[in-house]
Engineer: 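Below are the structure tokens for one structure; questions will follow.
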Amino acid sequence: MSEKETKQPLDKNDIMKQYVIDNYFDKGHLWTKVWQTVMAIVFWICVAIPVYWTISSTLLINNQRFLHAWRYEEGRTLFYFFDRFFIIAFIILAVIVIISTIHNNHRVKQHVEKAIQYDEPKMLARKQHLEAFYTARFGNKEFRENVRSYHVKPEQNLAVNEIHDLYKEEEK
Amino acid sequence: MEVLQTLKPFESIWNFVLLLLVSYPILGAFAWFMGVICYQTVYRHRHTKFYELAPKDQPFITIMIPAHNEEVMIAHTIDYLMNSLNYTNFEVLVTDDGSTDETPQILAELQKKYANLRVITIEKN
């Protein structure tokens with residue numbers, strides 16, 4: 001492990017260059033750049049209009065420099081209700097998420113990194129049952145792992161829940 | 001709280017259920033957003049550094065590709081995997097799930113070219 005630690009880590013940007021193609025940020029492709037820019041602007045306007053529609057008629061209702069899209073008392077009531085509801089809900093959610101992350105930190109450090117989190121004897125036993133089952137149906141391990149082309153006959157197909165039932169049968 | 005008197009969201013369970021029904025996409029999006037922020041800042045076990053492994057240190061891996069009538073894409077996918085990964089100790093295992101098009105023939109051709117391509121043909125799915 002320590003040998004690997006001393007190696008130079010891979011540079012993310014080099015790897016990205018190898019696998020990611022983006023015509024928008026490459027040289028050339030003028031047409032792509034033009035229409036994607038236009039589309040981005042158009043759809044940002046589609047975001048801005050409803051935001052203005054709402055804000056101008058509620059929070060900025062007393063500001064004469066803005067055009068007010070609508071003036072309904074019920075609308076403002078609804079807005080201020082949701083306003084309060086979302087602020088409270090967001091605070092509660094933020095607290096839950098932060099506590100969960102801290103709990104996860106603790107869990108990884110104290111449990112996941114220290115001990116195996118599954119029932120190992122049971123898993124090994126199951127592996128053996130599965131191995132025996134596959135050998136009976138498809139041939140031995142050596143053959144299965146090296147055959148280059150294998151045809152599964154219809155009668156060899158696994159039934160629904162077959163493995164699950166096998167475990168149940170063996171663990172009775 | 002006059003708004004609460006007007007809207008009465010907590011008057012009955014059904015009003016509250018209706019409120020959640022309306023707001024859950026926003027609450028869900030916010031929870032997701034907070035989760036990302038926490039993962040970036042509070043979570044301490046992120047993997048941020050990756051190292052290139054020498055071929056002799058690489059564990060053997062199998063890349064499994066399920067395929068059903070994939071004659072259009074299969075050759076491209078396999079050529080990509082065989083030639084463009086920065087990893088050497090692997091095999092590709094294609095499960096041809098009862099294809100009725102040219103997929104089996106394409107795979108047979110590709111097997112002549114690539115030694116580490118294995119094919120399982122499910123005759124009837």
Side-chain angles (χ1 to χ4, degrees), chain A residues 1 3-12 14-15 18-19 73-74 76-110 112-113 138 144-158, chain B residues 1-9 19-20 22-24 26-28 30-45 48-54 57 60 62 80 84-86 91 93-98 104 107-108 111 114-125:
Chain A
M1 198 65 197
E3 191 206 353
K4 279 171 204 157
E5 299 281 324
T6 54
K7 278 186 195 163
Q8 206 58 19
L10 292 170
D11 184 11
K12 200 174 162 191
D14 290 349
I15 305 288
Q18 211 175 325
Y19 292 105
E73 184 58 35
E74 304 94 310
R76 279 197 294 281
T77 309
L78 197 64
F79 174 82
Y80 285 111
F81 166 71
F82 271 114
D83 178 55
R84 226 167 283 183
F85 170 72
F86 280 124
I87 287 171
I88 295 166
F90 285 179
I91 291 169
I92 294 170
L93 278 174
V95 169
I96 292 172
V97 172
I98 291 167
I99 289 172
S100 306
T101 312
I102 292 168
H103 173 250
N104 240 349
N105 274 342
H106 171 83
R107 223 185 77 83
V108 171
K109 197 174 173 193
Q110 301 300 329
V112 176
E113 285 180 352
F138 302 109
R144 292 198 318 266
E145 287 183 352
N146 290 296
V147 63
R148 287 198 68 211
S149 183
Y150 186 79
H151 284 252
V152 178
K153 309 227 159 22
E155 63 270 19
Q156 282 176 301
N157 283 355
L158 298 179
Chain B
M1 295 271 269
E2 67 172 300
V3 267
L4 291 182
Q5 269 131 46
T6 319
L7 287 170
K8 301 190 170 92
L19 176 62
L20 285 185
V22 172
S23 60
Y24 84 89
I26 300 169
L27 299 179
F30 180 77
W32 193 270
F33 175 73
M34 275 309 292
V36 172
I37 302 276
C38 282
Y39 177 72
Q40 303 266 3
T41 55
V42 184
Y43 188 64
R44 278 189 311 214
H45 305 278
T48 51
K49 285 196 182 112
F50 296 91
Y51 302 91
E52 187 120 35
L53 282 175
D57 298 328
F60 184 73
T62 298
Y80 171 78
S84 306
L85 302 186
N86 58 350
E91 64 173 8
L93 179 64
V94 181
T95 307
D96 171 12
D97 193 8
L107 286 170
Q111 276 198 307
Y114 302 116
N116 55 343
L117 174 63
R118 297 171 59 205
V119 178
I120 292 177
T121 310
I122 315 279
E123 289 176 359
K124 184 174 174 294
N125 63 5

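So that the names make sense, note that chain A is the first sequence line, chain B the second, and so on, each numbered from 1. The figures that follow rest on heavy atoms only: side chains count, while hydrogens, waters and symmetry mates do not.
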Engineer: After noting the C-alpha distance and the side-chain angles of Ile26(B) and Phe86(A), does the key distance pass the side-chain contact (heavy atoms from CB on, under 4.5 Å) rule?
Structural biologist: CA-CA 9 Å; Ile26(B) 300 169; Phe86(A) 280 124; 3.6 Å; yes
Engineer: For Ala115(B), is it the side chain, the backbone, both, or neither that has a heavy atom closer than 4.5 Å to a heavy atom of chain A?
Structural biologist: backbone
Engineer: Restricting to side-chain hydrogen bond (donor to acceptor under 3.5 Å, both in side chains), what partner residues turn up for Gln156(A), sequence neighbours left out?
Structural biologist: Tyr150(A)
Engineer: Below 4.5 Å from any heavy atom of chain A, which atoms of Asp96(B) appear? Answer side chain, backbone, both or neither.
Structural biologist: neither
Engineer: Measuring from atom CG of Asp14(A) to atom CD of Glu52(B), what distance do you get when rounded to the nearest 0.5 angstrom?
Structural biologist: 10.5 Å
Engineer: For the residue pair Ser84(B) and Tyr19(A), what are the closest heavy atoms and their distance?
Structural biologist: O-OH, 3.0 Å
Engineer: If I measure from the heavy atoms of chain A, does Tyr114(B) come under 4.5 Å with its side chain, its backbone, both, or neither?
Structural biologist: backbone
Engineer: Please determine whether the number of non-hydrogen atoms from other residues, nucleotides or ligands lying under 6.0 Å from atom OH of Tyr43(B) exceeds 12.
Structural biologist: yes
Engineer: Tell me, for Asp11(A) versus chain B, whether the close heavy atoms (under 4.5 Å) come from the side chain, the backbone, both or neither.
Structural biologist: neither
Engineer: With only heavy atoms counted, which part of Val147(A) is less than 4.5 Å from chain B, the side chain, the backbone, both or neither?
Structural biologist: both
Engineer: For residues Val152(A) and Thr121(B), determine if any side-chain heavy atom of one lies less than 4.5 Å from a side-chain heavy atom of the other.
Structural biologist: no
Engineer: Could you check Phe81(A) against Leu19(B) for side-chain contact (heavy atoms from CB on, under 4.5 Å), going step by step and ending with a plain yes or no?
Structural biologist: CA-CA 11 Å; Phe81(A) 166 71; Leu19(B) 176 62; 3.8 Å; yes
Engineer: Within this structure, what is the CZ-CZ distance for the pair Arg118(B) and Arg148(A), rounded to the nearest 0.5 Å?
Structural biologist: 9.5 Å
Engineer: Heavy atoms, side chains only, cut-off 4.5 Å: are Val22(B) and Phe85(A) in contact?
Structural biologist: no
Engineer: Quick one: closest heavy-atom pair of Lys109(A) and His45(B), and the distance?
Structural biologist: N-NE2, 4.1 Å
Engineer: For a quick test of your reading: what N or O donor-acceptor pairs under 3.5 Å do the side chains of residues 88-108 of chain A make, sequence neighbours left out?
Structural biologist:
residue, atom, partner, partner atom, Å
Ser100(A), OG, Ile96(A), O, 2.7
Thr101(A), OG1, Val97(A), O, 2.8
Asn105(A), OD1, Arg44(B), N, 2.9
Asn105(A), ND2, Val42(B), O, 2.9

Engineer: Drop me the distance from Lys12(A)'s NZ to Thr48(B)'s OG1, to the nearest 0.5 angstrom.
Structural biologist: 10.0 Å
